[in-house]
Amino acid sequence: MTTTEDFQVSVEAAEQYEARFVPAIFAEWAPLLCDIAGVRTGQAVLDVACGTGIAARTAAERVGPTGRVTGVDLNEGMLAVARRVRPDLEWRQGDVAALPFADGSFDVALCQMALMFFPDQLAALREMVRVARPGGVVALAVPASLDAQPAYGPFVDMAVRAAGSQAASLLGAYWACGDLVVLSDLVASARLEVTDTWTHLGTAAFDSPGQLAATEVEGSPLVDRISADVYARIRAGAEDVLAPFVGPTGRLDAPLRGHLVAARVPGG
Ligand SMILES: C[S@@+](CC[C@H](N)C(=O)[O-])C[C@H]1O[C@@H](n2cnc3c(N)ncnc32)[C@H](O)[C@@H]1O
């Protein structure tokens, strides 16, 4: 059972997320998500699991002064940064399992790069349906499966060779919703009508392959389960398998494939 405490990160970690990972990875997906959702002037938009709020901020540009944007996240640290960056938007602490909003409060519910972390994804989607108005839109962005990832796939294969099969499950959370057929079925199970799906090849930018390796290993429980020697082998292996994506300056632009899904809420 996941508890709220498990997900809390410090404001410092959330500031790092905003400064480093939002520009390097997540910002690219927010305009695409708003595009597929058809976010437009005057709408009321909810950003579910908003983190530091990149999708909400992007939606705010689209809805303009006559619209309304709210971000909700489990994590107070993330929300503190979201509030610092855009104090004019509404930020609420809450669990996707029980969103703190009345039925039909929003025209659009967005959820960017978070569905795979929810313990009960179907229940989460049903909550998004509940808080969206009949005829409204739920739109999701998730990373594609590992076998469709040109950089992360070989990286995880290499880590499994170095650290054993535990590496596959411990580095696997991100890719868990990445089969578009399974994802579309899940969305349909929440009584949503899938109206559009896009697959996009984005980029995860890092200073070096070693930085990607450190982010993956230290961002997962794997870091506590491997020796210094195994960790050194993973970092060295990353230099090899990610070499095709390293530019002349040594920086890594790792391709990151993801799926976007837009679905219509019944009724309306
Ligand atoms: C990878 S971040 C993505 C954040 C943001 N959507 C973005 O694109 O930058 C995943 C977010 O999901 C949030 N989260 C995880 N489980 C949640 C839950 N049950 N309810 C609400 N938020 C949750 C985390 O706190 C975290 O901010």
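Residues take their numbers from the sequence shown, with the count starting at 1.
Around CZ of Arg20, the count of heavy atoms belonging to other residues, nucleotides or ligands within 6.0 Å exceeds 12.
Contact between Gly77 and Val11 at its shortest, heavy atoms only, is CA-CG2, 4.1 Å. Heavy atoms only, all atoms of each residue included: Val129 and Ala190 are closest at CG2-O, 3.6 Å. A pairwise comparison of heavy atoms in Ala214 and Arg235 identifies CB-NH1, 3.6 Å as the closest pair. Of all the heavy atoms in Ile234 and Leu222, the pair that sits closest is CD1-CD2, 4.5 Å. Contact detail for Val39 and Ala59: the closest heavy-atom pair is CG1-O, 4.2 Å. Residues Trp198 and Leu32 come closest through the heavy atom pair CZ3-O, 3.6 Å.
No side-chain donor-acceptor contact under 3.5 Å links Arg130 to the backbone of Arg133. Without hydrogens or angle criteria, Gln112 side chain to Ala30 main chain gives a donor-acceptor distance under 3.5 Å. Thr58 contributes no side-chain N or O that, together with a main-chain N or O of Pro31, makes up a donor-acceptor pair within less than 3.5 Å. The backbone N or O of Val223 sits nowhere less than 3.5 Å from a side-chain atom of Glu218 that would complete a donor-acceptor pair. Formation of a donor-acceptor pair under 3.5 Å by the Ser145 side chain with backbone atoms of Ala148 is not found in this model. A distance-only check finds a donor-acceptor pair linking the side chain of Arg57 to the backbone of Thr52 [under 3.5 Å]. Between the side chain of Arg86 and the backbone N or O of Gly53 there is no donor-acceptor pair closer than 3.5 Å.
Rounding to the nearest 0.5 angstrom, the gap separating the CG atom in Asp120 from the CG atom in Leu125 is 9.5 Å. Interatomic distance, Arg191 CZ to Leu122 CG, rounded to the nearest 0.5 Å: 11.5 Å. A distance of 12.5 Å separates CZ of Arg62 from CZ of Arg40, quoted to the nearest 0.5 Å. A distance of 12.0 Å separates OH in Tyr174 from OG in Ser220, rounded to the nearest 0.5 Å. Note: Met78 CE to Gln93 CD = 13.0 Å, rounded to the nearest 0.5 Å. Distance check, rounded to the nearest 0.5 Å: CG of Asp47 to CH2 of Trp91 gives 6.5 Å.
Looking only at side-chain heavy atoms (C-beta outward), Val45 and Phe106 stay at 4.5 Å or farther from each other. Between Leu99 and Val72 there is a side-chain heavy-atom pair separated by less than 4.5 Å. Residues Val81 and Tyr17 are not in side-chain contact: their nearest non-hydrogen atoms beyond the backbone lie 4.5 Å or more apart. Under the 4.5 Å side-chain criterion, counting only non-hydrogen atoms from C-beta, Leu140 is not in contact with His259. The shortest side-chain heavy-atom distance between Gln121 and Leu186 falls under the 4.5 Å cut-off. Put simply, the side chain of Pro150 reaches to within 4.5 Å of the side chain of Arg257, judged on heavy atoms. Within the 4.5 Å cutoff, no side-chain heavy atoms of Val137 are placed close to those of Asp107. Side-chain contact between Tyr152 and Trp175 is present, with heavy atoms from C-beta onward closer than 4.5 Å.
Val156 pairs by the side chain to side chain contact (heavy atoms under 4.5 Å, CB included) definition with Leu146, Val160, Leu171, not counting sequence neighbours. Legend: residues meeting ring-ring contact (aromatic ring centres under 6.0 Å, His included) with Phe245, ordered by chain and number and at least two apart, are absent.
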Exercise for the section: Take Val261 and Leu192 through the test side chain to side chain contact (heavy atoms under 4.5 Å, CB included) and record every step on the way to the result. Expected result: CA-CA 11 Å; Val261 175; Leu192 283 158; over 6 Å; no
Exercise for the section: Start with the C-alpha gap between Cys111 and Val142, add the side-chain angles, then the distance that decides, and say whether side chain to side chain contact (heavy atoms under 4.5 Å, CB included) holds. Expected result: CA-CA 9 Å; Cys111 182; Val142 296; over 6 Å; no
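Put simply, Ile25 and Val246 are part of the same group of oily side chains (I, L, V, M, F, W, Y) that touch within less than 4.5 Å, one to the next. Residues Val48 and Val194 are members of one and the same hydrophobic cluster, defined by side-chain heavy-atom contacts under 4.5 angstrom among Ile, Leu, Val, Met, Phe, Trp and Tyr. Transitive grouping of hydrophobic side chains (ILVMFWY, heavy atoms separated by less than 4.5 Å) brings Ile54 and Phe117 into a common cluster.
Taking the charged nitrogens against the carboxylate oxygens, Arg84 and Glu18 have no contact shorter than 4.0 Å, which rules out a salt bridge. Using a 4.0 Å cut-off between a side-chain N of Lys or Arg and a carboxylate O of Asp or Glu, Asp157 and Arg161 do not qualify as a salt bridge.
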